[in-house]
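In what follows, a single structure is set out as structure tokens and then discussed.
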Number of protein chains: 2
Amino acid sequence: MKKSKDENTEEHILEAAKLVFQSKGMDGARMQEIADQAGINKAMLHYYYRSKQLLFEAVFHNAFMLLAPQLKTVLNDDSSIEEKIKNFTSNYISFIVKHPYIPNFIIQELNRNPDFLIKMKENPNFPNLKKFRNQLNQEIESGIIIPISAEQLFINIMALNVFPFVAQPLLKAFTNTDNNTYKQLMKDRKTEAANFIINAIKLN
Amino acid sequence: MKKSKDENTEEHILEAAKLVFQSKGMDGARMQEIADQAGINKAMLHYYYRSKQLLFEAVFHNAFMLLAPQLKTVLNDDSSIEEKIKNFTSNYISFIVKHPYIPNFIIQELNRNPDFLIKMKENPNFPNLKKFRNQLNQEIESGIIIPISAEQLFINIMALNVFPFVAQPLLKAFTNTDNNTYKQLMKDRKTEAANFIINAIKLN
DNA sequence: AAATTTGTTAACCAAATGGTTAAACCGAAT
DNA sequence: ATTCGGTTTAACCATTTGGTTAACAAATTT
């Protein structure tokens with residue numbers, strides 16, 4: 001049992017907290033489990049993060065800050081709408097494979113406490129539809145794609161990309177597919193989902 | 001404080017439990033809060049349902065049994081794929097307005113405990129894609145719609161209809177819309193979402 | 001109407017849980 | 001070597017929580 005000063009205990013805690021919070025949620029997580037996961041004494045959690053709530057907020061903030069930049073592909077990129085959709089869909093699915101718990105974690109905890117975002121929305125880097133809307137309207141005027149509001153298209157893009165992961169257990173049951181088959185379905189979506197969206201909005 | 005025998009205490013409990021579980025989840029819910037909500041003594045919860053776990057399962061089962069029949073519109077109906085999509089989209093959104101917590105509740109708790117479904121999957125009425133797949137393949141062969149697997153199309157339909165409600169807080173923030181505007185967006189989706197899907201799969 | 005079963009309550013209990021404390025530990029500066 | 005600061009731990013604490021119990025009330029049966 002080492003007692004020597006560990007250079008980055010604080011990060012170890014955060015990493016352990018991430019694991020536990022993201023799989024059990026705020027209410028289901030136990031401070032003791034986080035401490036065990038980090039291999040340290042429970043008091044350390046409070047020494048570095050004061051309370052469960054603050055530790056949770058640190059984890060949530062980290063997760064959100066990882067997810068938000070993903071949206072840049074679809075919101076602030078300079079390529080055409082069609083390219084953006086293709087890129088985002090492919091990128092996002094790769095992202096999820098690396099961080100499978102994130103979308104669920106965020107959506108879940110946000111539903112329990114929507115106030116989490118009001119602070120973050122003040123950040124000038126917080127994702128917004130402005131540029132996307134302009135570009136979309138331009139392409140609509142050019143007759144490249146059908147008339148659709150930026151909000152609805154954005155919701156559709158998010159839905160088709162995020163939902164299959166968020167609702168995985170439910171969809172697995174309904175489609176009656178095992179783990180591997182479902183994984184393959186998700187891989188296929190890298191192009192399938194993008195094509196689906198483009199078909200829906202492209203004027204032939 | 002009445003002590004007289006109440007004809008349907010059991011149902012009162014279930015109703016109260018539904019309210020509390022669906023807004024706070026299994027881990028966040030408190031037996032005392034459910035008792036208070038039902039206006040009875042906490043011991044009654046155990047008298048009728050033995051444990052928190054069993055009471056929760058009763059609530060979950062009820063919720064799932066309410067959601068599952070909604071899928072009949074898209075899975076076992078006799079109309080064309082196009083009509084099914086239109087009907088389901090419109091019906092589902094009406095359903096959600098009546099039971100706003102259900103999809104989130106189910107998805108959330110299913111992620112925490114995927115085993116909940118293995119018992120239910122044995123039920124012969126459990127939703128399955130068989131009929132939908134046959135019909136889809138037929139329409140694909142007839143050249144009415146583009147080639148797409150039943151699983152992918154089903155996932156897309158679910159995603160476009162369910163996700164906007166599940167991820168409401170997140171989408172509200174990203175699209176920077178207030179409550180009323182978002183409600184209007186959802187209403188619009190009754191036709192918008194259906195048309196989007198149909199555009200995506202219909203051969204012109 | 002007496003006895004028995006069912007429904008209901010207040011009080012209680014043991015375990016779990018987030019959080020605190022006081023002392024010990026350790027590396028660095030004096 | 002001693003002191004001093006931040007770091008770490010074991011033990012402890014108050015509260016919360018799911019669950020139990022024993023007594024009592026209301027129906028129901030005999």
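Protein chains get the first letters and strands the later ones, always in sequence-line order, with residue 1 at the start of each. All figures in this text were calculated on a predicted structure; none of them were measured in a lab.
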Between [atom2] on [N] and [atom1] on [X], what's the gap in Å once rounded to a whole number?
{"X": "N41(B)", "N": "dG18(D)", "atom1": "CG", "atom2": "P", "value": "14 Å"}
{"X": "Y49(A)", "N": "dT7(D)", "atom1": "OH", "atom2": "P", "value": "13 Å"}
{"X": "M44(A)", "N": "dT21(C)", "atom1": "CE", "atom2": "P", "value": "17 Å"}
{"X": "I40(B)", "N": "dT9(C)", "atom1": "CD1", "atom2": "P", "value": "7 Å"}
{"X": "E10(A)", "N": "dG6(D)", "atom1": "CD", "atom2": "C1'", "value": "13 Å"}
{"X": "R50(A)", "N": "dG19(C)", "atom1": "CZ", "atom2": "P", "value": "10 Å"}
{"X": "Y48(A)", "N": "dT9(D)", "atom1": "OH", "atom2": "P", "value": "10 Å"}

*asked:* Working to the nearest 0.5 angstrom, can you tell me the gap between K187(A) NZ and S94(A) OG?
replied: 11.0 Å
*Can you name the residues that form a side-chain contact (heavy atoms from CB on, under 4.5 Å) with F154(B), not counting sequence neighbours?*
L171(A), F174(A), T175(A), V74(B), L75(B), L129(B), F132(B), M158(B)
Which one, [options], comes nearest to the side chain of [X]?
{"X": "H46(A)", "options": "dG18(C), dT9(D), dT20(D)", "answer": "dG18(C)"}
{"X": "A43(B)", "options": "dA10(D), dT21(D), dG18(D)", "answer": "dT21(D)"}
{"X": "K52(A)", "options": "dG18(C), dT9(D), dT8(D)", "answer": "dG18(C)"}
{"X": "S51(B)", "options": "dG19(D), dG19(C), dT9(D)", "answer": "dG19(D)"}

*Could you give all pairs that pass the salt bridge (charged side-chain N to carboxylate O under 4.0 Å, His left out) test and reach residues 145-166 of chain A, with sequence neighbours left out?*
R133(A)-E151(A)
*asked:* Please determine whether a side-chain nitrogen or oxygen atom of Y47(B) lies at a distance below 4.0 Å from atom OP1 or OP2 of dT20(D).
replied: no
*Under-4.0 Å side-chain N/O to phosphate OP1/OP2 contact, T9(A) with dT8(D)*: yes
_Parallel, tilted or perpendicular: rings of Y92(A) and F165(A) (30°, 60°)_ = perpendicular
*For the pair F126(B) and F64(B), name the ring-plane relationship: parallel under 30°, tilted 30 to 60°, perpendicular over 60°.*
parallel
*What are the residues of residues 20-38 of chain B, sorted by number, that bring a heavy atom to within less than 4.0 Å of DNA chain C?*
none
*Heavy atoms, side chains only, cut-off 4.5 Å: are T9(A) and M44(A) in contact?*
yes
*Do the non-hydrogen side-chain atoms of N156(A) and F163(B) ever get within less than 4.5 Å of each other?*
no
*Name the residue closer to the 5' end of DNA chain C, choosing between K42(B) and G39(B) according to the nucleotide with the nearest heavy atom.*
G39(B)
